[in-house]
Amino acid sequence: MPENAAPSPAIAPDALQPALDLQRTLLRRGALLVALLLLGLGLWSGQALGRAERAALPATARLVAQLLHQDLARQLSAFERDLEQVPVRLEVLADLERRLPLCVRLRALDEREIGAHCGPDAPVAAPARWLGRQLAALESADRPDRVRLPLLLPAGIKAGTIEVGVHWDQVGLAWAERLLLLLGLGLLLGAAGLALSWPVGRALRPTRQILAALARLEAGEREVRLPVPPLRELRELTLCFNRLAQRWTELLARQQQLAGRLLHTREEERRHLARELHDEMAQSLSALRAETAVIGALAARTGTPALQQAAGRIATLCAQLQEALQGVLQALRPTMLDRFGLGAALEALVAQPRRREVDGALPACTLHLPAQGLEALPADMAVHVYRIVQEGLTNAVRHGEARTVQVEMQVEMQAQMRLDRTIDPQAALVIDIADDGRGPGPDGPVPGHGLLGLHERVQALGGTLALDRPEAGGLRLRVRLPIRPPVATEDRT
């Protein structure tokens with residue numbers, strides 16, 4: 001940012017908040033919502049499985065007791081009471097276990113276990129067993145996970161106890177299967193979300209183009225236009241942007257044209273004033289010095305020393321006025337620029353001995369000119385280049401107290417894109433002025449009217465001005481000016 005640029009306006013607190021990426025935000029929030037929904041469904045399905053198994057356990061236990069009693073009735077007569085001779089066959093529960101996960105234990109009257117079986121016998125992985133243990137840990141006072149019924153002989157005598165419980169490993173396996181189903185549903189929803197985000201991103205793509213176009217406008221590009229997007233909400237925005245960009249381009253063009261004409265008019269007025277001063281005052285001072293010389297000669301011949309001394313003082317004043325007039329004429333219009341061209345004028349400007357001394361020594365100024373290209377500069381542009389180098393040297397030596405100043409000029413080719421997407425090659429003159437002095441800033445001088453006028457001159461010429469403070473110190477001034485045809489002049493009446 002140039003040192004003489006206007007300060008930026010205060011930024012509102014809301015502008016400091018991070019920007020919202022709509023596409024990513026929708027994806028993140030949608031994924032979070034789906035994850036919470038699936039998590040809730042998974043927990044609810046597990047608890048529902050546990051409650052259902054506990055609720056069905058009493059009826060299941062009665063059915064198990066009925067099947068076992070029927071099997072004992074087929075094996076034993078009504079008068080047999082020895083259960084040890086005919087063991088209870090838990091295989092009769094196989095059909096029931098295929099439908100309901102059960103764990104059945106038979107206990108004698110002395111609580112000795114005389115048979116146990118858990119079915120179905122399908123293998124259960126460790127994660128499913130862990131899920132089953134979590135469901136088993138959810139205690140329920142009104143719905144226990146075990147039911148005890150008496151084991152009766154055909155004669156109606158109690159021979160032991162039937163303990164029926166939930167096979168939690170199989171319940172955990174069922175819960176794991178539901179969770180896998182929910183996970184598949186979540187992946188399907190995620191794929192659907194990604195598929196839906198693509199048209200959203202495509203619809204929002206013009207917003208990134210608008211931001212890029214605004215950045216290009218901020219960088220100084222004028223021929224920036226946006227294609228009309230298919231989204232209706234953004235169509236009016238892009239059309240409005242194109243209209244504003246066109247108005248801004250036309251306004252800048254008129255402003256630059258006006259500033260260019262003002263600069264041209266000012267240089268013409270300076271040229272005219274310098275010519276008038278040279279033709280009128282210089283000749284009058286020369287004639288006055290001649291008359292003073294005649295008066296001094298007559299005073300010496302007639303022997304009037306007082307008149308002779310007065311004539312000498314007048315001649316000295318005339319010489320001082322002529323020297324001051326030459327300085328004014330040089331400031332208004334450098335004579336070497338019109339007589340010998342821009343290169344010679346710049347060499348004389350860099351080499352002139354009237355520089356300000358720093359630590360008792362004159363600053364060393366060097367100039368590097370391009371081998372060719374300066375002769376192609378229009379005449380009205382040459383004087384502006386001279387003024388830019390002059391102001392840069394003055395700023396470095398007089399204000400920055402630089403010991404060394406390097407001025408380098410080169411002609412470069414740069415390509416610009418027209419509205420019809422064709423490339424317009426254009427030459428540009430680059431001026432680099434680097435010094436080792438105290439640049440503008442906290443430790444250096446405050447930027448004055450010189451840099452402000454330099455910035456306005458460069459802007460009027462359609463160029464760019466950049467100020468840089470290298471790490472080694474000093475200030476680097478870089479000016480890029482497009483080489484254009486000379487400004488057309490109007491007839492003055």
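Numbering of residues begins at 1 and proceeds along the displayed sequence.
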Asks: Could you check if a side-chain atom of Glu412 sits within less than 4.5 angstrom of a side-chain atom of Arg480, using non-hydrogen atoms only?
Replies: yes
Asks: Got a sec, which residues hit side chain to side chain donor-acceptor pair (under 3.5 Å) with Thr404, two or more places apart in sequence or on another chain?
Replies: Asp436
Asks: Taking all non-hydrogen atoms of both residues into account, name the closest pair between Ile483 and Leu429 and its distance.
Replies: CG1-N, 4.1 Å
Asks: Kindly say whether Gln170 contributes a backbone atom to a donor-acceptor pair with the side chain of Trp175 at under 3.5 angstrom?
Replies: no
Asks: State, yes or no, whether a side-chain contact exists between Thr366 and Val407 at a heavy-atom distance under 4.5 Å.
Replies: no
Asks: What is the distance from atom CD1 of Ile388 to atom CG of Leu346, rounded to the nearest 0.5 Å?
Replies: 10.5 Å
Asks: Which value, rounded to the nearest 0.5 Å, describes the distance between Leu262 atom CG and Gln255 atom CD?
Replies: 10.5 Å
Asks: Contact between Asn395 and Leu475 at the side-chain level, heavy atoms closer than 4.5 Å - yes or no?
Replies: yes
Asks: At their closest point, which heavy atom of Pro101 faces which heavy atom of Pro120, and how far apart are they?
Replies: CA-CD, 4.1 Å
Asks: Could you tell me which non-hydrogen atom of Leu226 sits nearest to which non-hydrogen atom of Ala213, and how far apart they are?
Replies: CD2-CB, 3.7 Å
Asks: Pick one: which of Leu49, Leu131, Val124 meets side-chain contact (heavy atoms from CB on, under 4.5 Å) with Val171?
Replies: Leu49
Asks: Pick out which of Leu67, Val164, Leu102 makes a side-chain contact (heavy atoms from CB on, under 4.5 Å) with Leu93.
Replies: Leu67
Asks: With no hydrogens and no angle check, do the side chains of Gln406 and Glu408 hold a donor and an acceptor under 3.5 Å apart?
Replies: no
Asks: With a 4.5 Å heavy-atom cut-off, do Arg112 and Ile114 have their side chains touching?
Replies: yes
Asks: Looking at every heavy atom in both Lys158 and Thr161, which two are closest together, and how far apart are they?
Replies: CE-OG1, 4.2 Å
Asks: Which heavy atom of Ala396 sits nearest to which heavy atom of Asp435, and what is that distance?
Replies: CB-OD2, 3.4 Å
Asks: Charged N to carboxylate O under 4.0 angstrom, Arg457 versus Glu391?
Replies: no
Asks: Is there side-chain contact between Gln459 and Leu465, with at least one heavy-atom pair below 4.5 Å?
Replies: no
Asks: Can you name the side chain to side chain donor-acceptor pair (under 3.5 Å) partners of Glu163, sequence neighbours left out?
Replies: Arg146, Arg148
Asks: Measuring only between side-chain heavy atoms, which start at C-beta, is Arg225 closer than 4.5 Å to Gln246?
Replies: yes
Asks: Taking side chain as C-beta onward, heavy atoms only, is Leu68 less than 4.5 Å from Leu106?
Replies: yes
Asks: Side chains of Val430 and Met409: does their closest heavy-atom pair fall under 4.5 Å?
Replies: no
Asks: Atom CH2 of Trp168 and atom CG of Leu135: how far apart are they, to the nearest 0.5 Å?
Replies: 6.0 Å
Asks: What is the minimum heavy-atom distance between Leu149 and Ala61, and which atoms define it?
Replies: CD1-O, 3.3 Å
Asks: Who are the side chain to side chain donor-acceptor pair (under 3.5 Å) partners of Arg478, not counting sequence neighbours?
Replies: Asp432
